[in-house]
Amino acid sequence: MEKYNPQEIEPKWQKIWDEPSYYKADIDKSRPKSYVLSMLPYPSGNLHCGHLRNYAIGDIFVRYRSMNGFNVLSPMGFDAMGLPAEGAAIKHGIRPDVWTYKNIENMTRQLKSMGLYYDWDREVITCHPSYYKFTQWLFELFYKRGLAYRKEASVNWCDTCGTVLANEQVIDGKCWRCDHEVHKKNLAQWFLKITDYADELLKDLDKLKGWPNRVKVMQENWIGRSEGAEFSLEIDGRAEKIPVYTTRPDTIFGITFMALAVEHPLIEKLIAGKPNEEEIRRFITETRNMSDMERTSSESEKKGIFTGEYAINPVNGKKVPIWITNYVLYEYGTGAVMGVPSHDERDWMFAKKYGLEIILVIDNPSAPLKLEEMDNAYTEPGIMINSGEFNGMENEKAKGAIVDWLEAKKIGARKINYKLRDWLISRQRYWGAPIPVIYCDHCGEVLVPEEDLPVELPDDVEFKQGALSPLSTSKKFNDVKCPKCGRPARRETDTMDTFICSSWYYLRYTDPHNGKLPFDRDKVNYWSPVDQYIGGIEHAILHLLYSRFFTKVLRDAELLDYDEPFTNLLTQGMVIKDGAKMSKSLGNVVSPEEIISKYGADTARLFILFAAPVERDLDWSDQGVEGSFRFLNRVWRIVGIFEDAIKSGVDEYDVETLNDEEKNLRRILHKTMKKVTEDLRDRFAFNTAISSLMELVNAMHTFQDKKINPDLAREVTKNLLKMLAPFVPHITAELWSKFFEGDIHKQSWVKFDEAAIVEDTVEIVVQINGKVREHIKVATGLTKAELEKLAPTIPRVQELTAGKNVMKIIAVPNKLINVVVK
RNA sequence: GCGGAUGUGGCGGAACUGGCAGACGCGCCGGACUUAGAAUCCGGUGUCCUUGUGACGUAUGGGUUCAAGUCCCUUCAUCCGCACCA
């Protein structure tokens, strides 16, 4: 047989698989469906190793499930809106669409060179008007359901990107994309009301049994639900009240001051005309000028300034000073906090700094507290004191009792709060889906009528960085009449966050050519939810939270019938090299394209799946790649050596005709079939599946200079190729075509024979006091009792236990005997 | 600070239910083939010593057990997430 030459065979098979009908997915209710999806890439221009890993993992699922009779949906597309395209326009004067489509073309070629199983007929490109028409349609749906609204707000602004960002897109005070510091700006912006779904998004995390815990915990933290109470304090001598939110109503008798956020709207009234008004204003300005990072760090010093006004504690009538502080956040709760220094760490620090009063209201039952001996707040459970009728109660019980009391007196009520904020979706950029809204002086905000969608991106724009979208420079775009009254009006010139595009693409795959609706309800309900989703952990909150939100809204709009979009989620680890993430600046970037052209896609796929478990980070090793290439050569060679035997063998034969060595090989084969099946089906343990396939190939090589039973050679080769097929589709297709009928990728998965795995005898370990002292061969399946009886007859046991008392004999069938002596 | 994950040879990793630690691969060493090399094939490869039917060994120290990488507690290290959310 000729040499293994991936450069020749891979393009040959890829051409066959590129036929549109080859991987076509169609609804077939007679078979179970399986929707396997990898996160779609941004078309940056080139595939990187992370993509390679992501799609290789997905391809194993797809091919394995396909061979197991599932009706598989495996689509691919491009998340093609976004800033880099616009950056290319600004820097090099290339039109964003031209730049994007050129990149898509190149990346599609690279994807195809990986030998992946995709139904390309379902390709989704989010920047195509046929797609963003429905992104806009969905925006309108949200609007009609009261879930999209425009408001003026203090928002995150990134100077480098020239646009606002959602809270989820600010990481440690920095822009998620360019890593530059973000600052606040007041702008009128569009929001989606994700907070309406906060509770369900939190609760339904419990339904996601197939998600990594880590991701669920991150989402839980992000949603940040807390239960407490809201009540108001009157201001001494004024009509206004200050509402506060607390999760510790049990400490309400311990209030000794009030703390307001610097943005609190009441401040103006409170400080007007005060002798130190200027000083107070200076404090407010200073605090507002601090970066978000500084302001929200628990490390920063707590500072404040007294307003000269007092509030009245509704439970005991106590007058407490009202302070303006730097540590109360305006965005959370009511922007005002009751100060209980005795039982809150931050209030403690603040009170100590400014010499404010501290009153204990919870005592430590095991060691009574003395204020003068305390150097921080007491935040443990305890017994209520100094709290009127609640004295003596356990504080946990008092929480409820006090809220009941507040509710009965109509002073306050139970309240649930979330850290989650509404999703800011306006972007002052060009390369996104235009927000389909028209502003009319007479009619106000008007949706673009459905029949006028999509609102297309114009090409007469100037690309410049600034606070306004480039769309505002387009004459064509802005020349519009009000759809309601026909008078001249103007368009919204902001576009939508690209995360909107990716929040529903997995649904579009189920019905990608639908021109009337985003997708057909029957189709979406047949294929989705996604059975297996694969992608990086970096989307733990962003994309995965937004998509869950979208799914729930679409369910409520009766466009689909389920609650959660991704039943099982696999977060693959990063690909690193020399201990660091691959990056141009470190010069440790590996190009998948080069690897593929040197060794072939099969080698690249095999290496990346073998080198580490899927969830863990993978250390790229050029030598490891060589090793995978060597293995494929070994496969090729041994099949070549078996060539004549395979051809003369038959599929049905009497295994009793095999000699001992051959029986041994057959046993290894069936053991491997069992192991690989279990690894793929139950554990996603692709690395160990491959290692056992290597063992099988090693075992085959013991016959390289020996005659082998042709029927066995046929059986082994056939099953080896089937098992390898999901991992290395090209070489297996090629070898299969030389010896067997049909297409290997349409064969059914291997079936192991449990009987072939069992040996007549098994080697067991003999231990004395837990230490291995002998290995003996015994008949397979000897019972515990039989082994216990056998133990004293073993010469080595007799030798080592002579003169000692045998206390106990432990036997585990087919495993070991342990003799305990004294 | 809080929450989570991880820690096993020179390296990537295996050991799934407590039952021979180190599968498989890389690297390294030796051998075969070769004029030579490459490739290939075969064998070896945790540490230590007194080379044995030996001792030790899965971050640390302890515990449970006939038996612990695996279960429980302690400490440490690394990574990730959250972090003034009242």
Side-chain angles (χ1 to χ4, degrees), chain A residues 3 171-172 212-222 224-226 228 244-248 251 259 261 295-302 325-329 331-340 343-347 349-350 417-420 537 540-541 606-607 610-613 615-628 630-631 633-634 637 675 678-679 682-683 685 687-698 701-702 704-705 763-775 796 799-800 807-812 814-821:
Chain A
K3 244 181 83 189
I171 316 282
D172 289 338
N213 214 36
R214 193 152 82 107
V215 176
K216 289 191 275 188
V217 168
M218 283 163 81
Q219 293 211 353
E220 196 181 318
N221 287 340
W222 187 259
R225 181 183 198 270
S226 70
V244 295
Y245 172 73
T246 181
T247 56
R248 294 295 306 274
T251 66
R295 272 194 70 178
T296 58
S297 162
S298 50
E299 311 292 291
S300 351
E301 201 193 348
K302 287 160 190 41
T325 72
N326 68 347
Y327 75 94
V328 173
L329 303 174
E331 299 90 51
Y332 186 76
T334 62
V337 168
M338 62 181 209
V340 186
H343 305 292
D344 181 280
E345 211 50 62
R346 300 151 301 183
D347 295 346
M349 284 192 269
F350 189 77
N417 249 328
Y418 299 93
K419 289 201 263 181
L420 182 73
I537 187 80
I541 292 173
L606 189 72
F607 165 73
F610 175 62
E615 302 236 26
R616 233 186 285 180
D617 284 352
L618 180 151
D619 217 338
W620 187 275
S621 149
D622 293 329
Q623 278 144 345
V625 178
E626 294 266 3
S628 295
R630 214 166 347 203
F631 170 69
N633 275 287
R634 266 167 82 75
R637 204 177 311 118
K675 166 93 177 135
E678 288 169 352
D679 280 354
D682 311 329
R683 306 203 303 147
N687 57 330
T688 53
I690 293 169
S691 84
S692 54
L693 287 164
M694 287 172 167
E695 286 180 82
L696 174 60
V697 172
N698 288 345
H701 270 265
T702 61
Q704 61 183 326
D705 303 318
E763 191 178 83
I764 67 165
V765 165
V766 181
Q767 299 179 332
I768 310 287
N769 287 344
K771 304 214 165 182
V772 180
R773 288 289 118 112
E774 179 74 297
H775 297 258
R796 182 100 178 105
E799 186 188 324
L800 286 164
M807 311 296 291
K808 208 178 194 180
I809 296 172
I810 289 120
V812 181
N814 301 332
K815 287 247 165 73
L816 92 167
I817 295 172
N818 187 9
V819 182
V820 185
V821 296

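Here is the naming used below: chain letters follow the sequence lines, and residue numbers restart at 1 for every chain.
Within the nucleic acid shown, A:K3 has no heavy atom closer than 4.0 Å to any nucleic acid atom. In this structure, A:N633 reaches neither bases nor backbone, as no heavy-atom distance under 4.0 Å exists between it and the strands shown. Using a 4.0 Å heavy-atom distance criterion, A:V820 is classed as a sugar-phosphate-only contact. Within the 4.0 angstrom heavy-atom criterion, no nucleotide atom of any strand lies near A:V244. When heavy atoms are screened at a 4.0 angstrom cut-off, A:D682 is found touching no nucleic acid atom at all. A:G627 comes within contact range of the sugar-phosphate backbone alone, with a heavy-atom separation under 4.0 Å but no base atom that close. Note on A:E345: nothing from the nucleic acid sits closer than 4.0 angstrom, heavy atoms only. Among the atoms of the strands shown, none is found under 4.0 Å from any heavy atom of A:E678. Within the nucleic acid shown, A:R773 comes within 4.0 Å of sugar-phosphate atoms alone, with no base atom in reach, counting heavy atoms only. Contacts of A:N698 with the nucleic acid, taken as non-hydrogen atoms under 4.0 Å apart, involve only primed sugar atoms and P, OP1 or OP2.
Here the side chain of A:I810 is nearest to one of B:A83, B:C66, B:A14, namely B:C66. Comparing atom distances between the A:R214 side chain and each of B:C20, B:G25, B:C80 picks out B:C80 as nearest. Closest to the A:E799 side chain, of the nucleotides B:C82, B:U53, B:C20, is B:U53. Among the nucleotides B:C24, B:C41, B:G81, the one closest to the side chain of A:S691 is B:C24. Candidate nucleotides B:C20, B:C42, B:A86 were compared by shortest atom distance to the side chain of A:H775, and B:C20 ranks first. Nearest nucleotide to the side chain of A:M218, out of B:G12, B:G81, B:A86: B:G81.
Remark: P of B:U40 and CD of A:E626 are 9 Å apart, rounded to the nearest angstrom. Taking atom CG of A:N687 as the reference point, atom P of B:C26 lies 15 Å away to the nearest angstrom. The distance from atom CG of A:L816 to atom P of B:A68 is 12 Å, rounded to the nearest whole Å. Look at CZ on A:R225: it is 21 Å from P on B:G3, rounded to the nearest Å. Atom CZ in A:F607 sits about 14 Å away from atom C1' in B:C24, given to the nearest Å. One can place NZ of A:K771 at 18 Å from P of B:U65, the figure rounded to the nearest angstrom. A straight line from CG of A:N769 to P of B:A68 spans 12 Å, rounded to a whole angstrom. Atom NZ in A:K302 sits roughly 14 Å away from atom P in B:A86 (whole-Å rounding).
Taking atom C1' in both B:C73 and B:C79, one finds a spacing of 24 Å when rounded to whole Å. Comparing B:U58 with B:C71, their C1' atoms sit 16 Å apart, to the nearest whole Å. Comparing B:G81 with B:U74, their C1' atoms are spaced 25 Å from each other, to the whole Å. A distance of about 12 Å separates the C1' atoms of B:G69 and B:A59, rounded to the whole Å. Remark: the separation of the P atoms in B:U40 and B:C26 is 10 Å, to the nearest Å. Rounded to whole Å, the separation between the C1' atoms of B:A15 and B:C24 comes to 12 Å. Only the P atoms considered, B:U35 is 37 Å distant from B:U47, to the nearest whole Å. Nucleotides B:A21 and B:U8 are separated by 8 Å at their C1' atoms, to the nearest Å.
Rounded to the nearest 0.5 Å, atoms CG (A:D344) and CE (A:M338) are 8.5 Å apart. How far CD of A:Q767 is from CD1 of A:I817: 10.0 Å, rounded to the nearest 0.5 Å. With rounding to the nearest 0.5 angstrom, the CG atom of A:N769 is 11.5 Å from the NZ atom of A:K808. One distance of note links CD of A:E763 with CG of A:N814; it measures 12.5 Å at 0.5 Å rounding. The line from NZ of A:K815 to CD1 of A:I764 is 11.5 Å long, rounded to the nearest 0.5 Å.
A:R630 has a side-chain polar atom (N or O) that falls below the 4.0 Å cut-off from OP1 or OP2 of B:G27. Under 4.0 angstrom from either OP1 or OP2 of B:A86 there lies at least one side-chain N or O belonging to A:Y332. Distances shown here put a side-chain N or O of A:S226 below 4.0 Å from the OP1 or OP2 atom of B:A86. Taking side-chain N and O atoms only, A:Q704 has no distance below 4.0 Å to OP1 or OP2 of B:U40. Between A:R683 and B:A15 there is a side-chain polar atom (N or O) within less than 4.0 angstrom of OP1 or OP2. In this model, the phosphate group of B:C41 is approached by a side-chain N or O of A:R634 to a distance below 4.0 Å at OP1 or OP2.
Nucleotide B:A77 forms a Watson-Crick or G-U wobble pair with B:U6, both donor-acceptor distances falling under 3.5 Å. Across every strand in view, B:C24 sits in a pair with B:G12 that passes the Watson-Crick or G-U test at under 3.5 angstrom. Across the strands present, B:C84 finds no partner; the criterion is a Watson-Crick or G-U wobble pair with both atom distances under 3.5 angstrom. Judged by Watson-Crick or G-U wobble contacts below 3.5 Å, the nucleotide B:G18 has no partner. Base pairing annotation: B:C56 forms a Watson-Crick or G-U wobble pair with B:G46, both donor-acceptor distances under 3.5 Å.
A donor N or O paired with an acceptor N or O is found under 3.5 Å between the base of B:U53 and the side-chain atoms of A:R796. The base of B:C66 sits within donor-acceptor range of the side chain of A:N818, with an N or O pair under 3.5 Å. One cannot find a donor-acceptor pair under 3.5 Å joining the base of B:C20 and the side-chain atoms of A:K815.
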Steps toward side chain to side chain contact (heavy atoms under 4.5 Å, CB included) verdict (A:F607, A:L618): CA-CA 10 Å; A:F607 165 73; A:L618 180 151; 4.2 Å; yes
Stepwise side-chain hydrogen bond (donor to acceptor under 3.5 Å, both in side chains) check, A:N417 with A:S226: CA-CA 5 Å; A:N417 249 328; A:S226 70; 5.4 Å; no
Criterion side chain to side chain contact (heavy atoms under 4.5 Å, CB included) on A:L816 and A:V766, from CA distance to verdict: CA-CA 6 Å; A:L816 92 167; A:V766 181; over 6 Å; no
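When the nearest nucleotides of RNA chain B are assigned to A:T246 and A:N213 by heavy-atom distance, the more 5′-ward of the two goes with A:N213. Nearer the 5' end of RNA chain B, as judged by each residue's closest nucleotide, is the contact made by A:V217, out of A:V217 and A:E695.
A tilted orientation is assigned to the rings of A:Y327 and A:F350, their planes being inclined by 30° to 60°.
Syn is the conformation of B:G9, whose glycosidic angle sits no further than 90° from 0.
Across every non-hydrogen atom of A:T251 and A:H343, the tightest pair is CG2-CB, 3.9 Å.
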